[in-house]
Amino acid sequence: MLLINVLVVDDSAFMRKLISDYLRSESSIEVIGTARNGEDAIKKIKRLRPDVVTLDIEMPVMNGLEALKVIMDEHPVPVVMLSSTTREGADETVKAMSIGAVDFLAKPSGTISLDLYKVQSDIVSKVIEASKVNMGKLVPEKSRVSLVEGSKIKGLSAKNALIAIGTSTGGPRALQKVLGELPRAIPAPIVIVQHMPPGFTKSLATRLDGLSDITIKEAEQGEKLKKGTAYIAPGGQHLKIVSKGDALFAQLDGGEPVNGHRPSVDVLFGSIAALGHQNTIAVIMTGMGSDGTKGLASLKRLGRARVIAEAEETCIVYGMPKAAVAGGYVDQSVELGEISHSILNYLR
């Protein structure tokens with residue numbers, strides 16, 4: 001069995017030991033070193049060549065964001081960020097995801113988390129999944145659209161259209177690319193599920209809004225959906241779409257997780273299918289697992305949906321799109337750089 005070699009970076013000796021102990025409890029993981037700040041981490045990455053790095057954000061000398069930029073430029077390696085759940089911590093985490101971190105984990109109670117044991121299994125699973133990431137996919141060299149065998153490209157009426165997007169690991173960076181290329185005058189609202197815990201989706205929406213022509217915000221209970229606006233499901237709450245007359249509204253639901261997630265892509269897609277009359281462009285992008293596939297099945301049965309999946313060539317994790325393709329629910333497999341164009345082509 002090949003071991004996953006990990007470098008643990010944190011300015012707290014206590015946290016370095018705790019994280020290392022948790023990782024070593026998994027037989028497939030070997031902690032090959034620790035570092036006390038970003039500068040120390042870069043030196044040890046050069047020397048030790050780890051498969052995965054866990055990187056704290058708040059550190060002296062060189063903080064996590066500064067170190068991450070150097071790592072991505074000089075020694076690309078899968079990085080899992082560890083952050084606090086404060087507003088500042090959330091903002092920095094979202095920045096880290098845009099720079100190239102593949103995932104993150106929120107410490108339960110700040111910089112020194114005595115209750116880190118609550119997320120021990122998450123630390124282990126995120127490191128294992130990060131070890132499978134091909135770092136070359138963070139910067140796709142070209143874009144290509146591939147029509148799924150047996151399907152035909154057909155337009156979709158822009159009248160009363162809705163765009164629905166589901167994504168997970170690698171999603172913040174993918175969303176930045178797709179949403180940043182959509183025009184302000186796009187004739188449809190956009191609803192999004194990005195797997196994230198509470199406290200982080202608002203920061204994600206704010207950052208994406210500043211990088212896009214369209215308006216991007218965290219969805220609020222009962223608000224009417226507007227064309228040219230993207231609504232991101234709040235972490236910890238499912239997003240459902242309901243209709244009143246010809247108008248669509250956001251409904252937030254704190255019910256049980258679905259597929260281990262809240263928000264869940266299946267819940268979003270399923271709520272749109274339940275409307276029974278909605279012209280929908282559904283997009284499923286990079287992420288672990290199969291969340292979204294059941295919802296796509298419901299949408300396709302109506303015959304009023306076109307489904308775009310991010311192609312394997314650019315997915316950070318080809319899990320959710322792969323499950324959708326295997327189920328036969330995808331009209332196009334599209335590399336990341338072409339997703340926005342495909343959305344607009346369907347609307348035409």
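Throughout, numbering of the chain's residues begins at 1 and tracks the sequence.
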Undergrad: Measure across S98 and Q176 and return the closest heavy-atom pair with its distance rounded to 0.1 Å.
TA: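 Smallest heavy-atom distance, with atoms named: CB-OE1, 3.4 Å.
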Undergrad: Can F200 and S83 be said to form a side chain to side chain contact (heavy atoms under 4.5 Å, CB included), step by step?
TA: CA-CA 11 Å; F200 290 86; S83 69; 3.7 Å; yes
Undergrad: For the side chain of H238 and the backbone of V267, is there at least one donor-acceptor N/O pair under 3.5 Å apart?
TA: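 Checking the backbone N and O of V267 against the side chain of H238, no donor-acceptor pair under 3.5 Å is found.
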Undergrad: Walk me through it: do T229 and I190 pass the test side chain to side chain contact (heavy atoms under 4.5 Å, CB included)?
TA: CA-CA 6 Å; T229 300; I190 304 157; over 6 Å; no
Undergrad: Is it the case that the side chain of R184 and the backbone of D213 share a donor-acceptor pair, with hydrogens and angles ignored and the cut-off at 3.5 Å?
TA: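 Judged by distance alone, yes, a pair lies under 3.5 Å.
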Undergrad: I'd like to know if the side chain of D91 pairs up with that of S203 as donor and acceptor (distance under 3.5 Å, no hydrogens or angles considered).
TA: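 Indeed, the side chains of D91 and S203 share at least one donor-acceptor pair under 3.5 Å.
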Undergrad: Using only atom types and a distance under 3.5 Å, with no angle test, would you say the side chain of S271 pairs donor to acceptor with the backbone of L268?
TA: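 At least one qualifying donor-acceptor pair exists.
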Undergrad: Do K126 and D122 pass the salt bridge (Lys or Arg N to Asp or Glu O under 4.0 Å) test, and can you show the C-alpha distance, the side-chain angles, and the key distance before you say yes or no?
TA: CA-CA 6 Å; K126 285 179 182 291; D122 290 334; over 6 Å; no
Undergrad: What's the shortest heavy-atom distance between L7 and T34, and which atoms?
TA: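 Taking every non-hydrogen atom into account, CD1-N, 3.7 Å.
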Undergrad: I'd like to know if K44 and D40 make a salt bridge, using a cut-off of under 4.0 Å between side-chain N and carboxylate O.
TA: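 Yes, K44 and D40 are salt-bridged.
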Undergrad: Determine, step by step, whether Y318 and V325 satisfy the side chain to side chain contact (heavy atoms under 4.5 Å, CB included) criterion, reporting the C-alpha distance in whole Å, the side-chain angles of both residues, the deciding distance to 0.1 Å, and the verdict.
TA: CA-CA 11 Å; Y318 189 55; V325 169; 3.9 Å; yes
Undergrad: Less than 3.5 Å apart, which donor and acceptor atoms pair up between the side chains of residues 60-76 and the rest of the protein, not counting sequence neighbours?
TA:
residue, atom, partner, partner atom, Å
N63, OD1, L65, N, 3.1
N63, OD1, E66, N, 2.8
E66, OE1, N63, N, 3.0

Undergrad: Output a table of donor-acceptor pairs, distance under 3.5 Å, between side-chain atoms of residues 239-257 and any protein atom two or more places apart or on a different chain; print 'none' if there are none.
TA:
residue, atom, partner, partner atom, Å
K240, NZ, D253, OD2, 2.9
D253, OD1, G255, N, 2.7

Undergrad: Let me see the working for K217 and E223 under side chain to side chain contact (heavy atoms under 4.5 Å, CB included), right down to the final yes or no.
TA: CA-CA 11 Å; K217 66 187 297 293; E223 70 178 315; 2.9 Å; yes
Undergrad: Compute whether any side-chain donor of one residue and acceptor of the other, for T314 and E310, lie under 3.5 angstrom apart.
TA: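 The answer is yes; a qualifying pair exists.
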